[in-house]
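What's counted below: heavy atoms across the whole structure, side chains too, no hydrogens, waters or symmetry copies.
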Amino acid sequence: MSDARHTVIIGTGSYVPPEAVPNASFLDHEFCDAQGKSFEKPNEEIISLFEAITDIRERRYAPAGQVASDIACLAAQDALDSSDLDPETLDYLILAHNFGDMQTAGGRTDMVPSLASRVKQKLGIRNPNAIAYDIIFGCPGWLQGVIQADYFLRSGDAKRALVIGVDALSRICDPHDRDSMIYADGAGATLLEAV
């Protein structure tokens with residue numbers, strides 16, 4: 001009989017902002033190439049091709065006044081609610097993001113203190129042994145957070161971990177870049193436990 005520890009998912013949560021931004025919102029943008037020259041194709045054609053390739057018809061943007069750590073907190077609370085877990089029993093709170101808290105498009109990024117510690121405070125977690133830290137890891141950040149949490153859980157260093165992936169990419173979009181149509185805002189959270 002093996003006494004190896006395994007990691008299981010005991011709860012998940014998410015937050016999708018309410019503001020839907022359809023592809024038609026990009027009709028009046030001036031899309032430019034890498035040299036800053038406007039594309040000759042009309043925006044209708046660019047947007048139609050984008051939708052055909054990606055199947056993206058709309059994206060969601062966070063409202064003014066809501067930053068990445070707010071969105072992350074909402075997803076985390078949803079995960080906690082789905083599991084009925086006492087947040088004071090968390091050993092780790094790992095938050096993956098790319099740009100920190102930004103109040104407005106093109107604004108100044110704010111990463112100190114860490115977004116994970118902000119979420120811990122917003123959730124009202126008082127346990128000083130619950131370690132909260134950020135991962136700045138690009139697109140696979142949430143996955144890297146799960147890999148790290150799995151290590152802590154399987155090694156016996158921890159019993160429970162909350163991993164959150166969040167970004168408010170609408171705040172960093174270049175309106176002249178066609179790729180800006182891909183970016184959106186939102187968060188997902190996963191509660192992991194060692195068994």
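In the hydrophobic cluster analysis, where Ile, Leu, Val, Met, Phe, Trp and Tyr join through side-chain heavy atoms closer than 4.5 angstrom, I147 is grouped apart from L162. Under the 4.5 Å side-chain heavy-atom criterion for ILVMFWY residues, a single connected hydrophobic cluster contains both L123 and Y15. Side-chain heavy atoms closer than 4.5 Å link hydrophobic residues (I, L, V, M, F, W, Y) into clusters, and following such links, even through other members, never connects V67 to V166. L90 and I10 fall within the same hydrophobic cluster, where Ile, Leu, Val, Met, Phe, Trp and Tyr residues are linked whenever their side-chain heavy atoms come under 4.5 Å apart, directly or through other members. Residue I56 is not grouped with residue V16 when hydrophobic side chains (ILVMFWY) are merged at heavy-atom distances under 4.5 angstrom, including chains of intermediate members.
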Starting from the C-alpha separation in whole Å, work towards a yes-or-no answer on salt bridge (Lys or Arg N to Asp or Glu O under 4.0 Å) for R154 and D150.
CA-CA 6 Å; R154 291 178 62 190; D150 179 59; 3.5 Å; yes
After noting the C-alpha distance and the side-chain angles of E88 and I125, does the key distance pass the side-chain contact (heavy atoms from CB on, under 4.5 Å) rule?
CA-CA 6 Å; E88 296 297 332; I125 299 172; 4.0 Å; yes
R57 and E51: salt bridge (Lys or Arg N to Asp or Glu O under 4.0 Å), yes or no, with the steps?
CA-CA 6 Å; R57 292 178 182 86; E51 189 172 316; 3.5 Å; yes
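Listed here is the closest heavy atom pair of D78 and G13: OD2-CA, 3.2 Å. Across all their heavy atoms, K122 and C73 have their closest contact at CB-SG, 3.6 Å. The two atoms that bring N98 and M111 nearest to each other are O-CE, 3.7 Å, heavy atoms only. Shown here for G100 and A68, the closest heavy-atom pair between the two residues is O-CB, 3.6 Å. Smallest separation of non-hydrogen atoms from L85 and T89: CD1-OG1, 3.5 Å. Between R171 and P63 the shortest heavy-atom distance is NH2-O, 3.2 Å.
Rounding to the nearest 0.5 Å places CD1 of I131 at 8.0 Å from CG of D91. Between the CD1 atom in I71 and the CZ atom in R60 there is a gap of 12.5 Å [rounded to 0.5 Å]. Considering CG of L95 and NZ of K120, their distance stands at 13.5 Å, rounded to 0.5 Å. To the nearest 0.5 Å, atoms OG (S48) and CG (N43) are separated by 12.0 Å. Residue R160 holds its CZ atom at 13.0 Å from OG1 of T7, rounded to the nearest 0.5 Å. To the nearest 0.5 Å, atom CD1 of residue I164 and atom NE2 of residue H97 are 10.5 Å apart.
Between the S82 side chain and the T12 main chain, a donor and an acceptor come within less than 3.5 Å of each other. Looking at D134, its side chain does come within 3.5 Å of a backbone N or O of L115 through a donor-acceptor pair. Between the side chain of T109 and the backbone N or O of F99 there is at least one donor-acceptor pair closer than 3.5 Å.
Proximity of I46 to M181: side-chain heavy atoms (C-beta onward) are separated by under 4.5 Å at one or more points. Side-chain contact check for E44 versus L27: some heavy-atom pair is nearer than 4.5 Å. Between V163 and L192, the closest side-chain pair of non-hydrogen atoms falls below 4.5 Å. In this structure, the side chains of D70 and R118 stay at 4.5 Å or more apart for every pair of heavy atoms. Looking only at side-chain heavy atoms (C-beta outward), R5 and V195 stay at 4.5 Å or farther from each other. Side-chain contact between D179 and D174 is absent, with no heavy-atom pair separated by less than 4.5 Å. Between D167 and D185, every side-chain heavy-atom pair lies at or beyond the 4.5 Å cut-off.
When the shell of 6.0 Å around CG of D28 is examined, it contains more than 12 heavy atoms from other residues, nucleotides or ligands. R178 CZ: 12 or fewer foreign heavy atoms inside a 6.0 Å radius.
For residues 21-57, every residue pair satisfying the ring-ring contact (aromatic ring centres under 6.0 Å, His included) rule, not counting sequence neighbours, is listed here: F26-H29, H29-F31. Listed by first then second residue, pairs satisfying ring-ring contact (aromatic ring centres under 6.0 Å, His included) with a partner in residues 113-166 read Y92-F152, not counting sequence neighbours.
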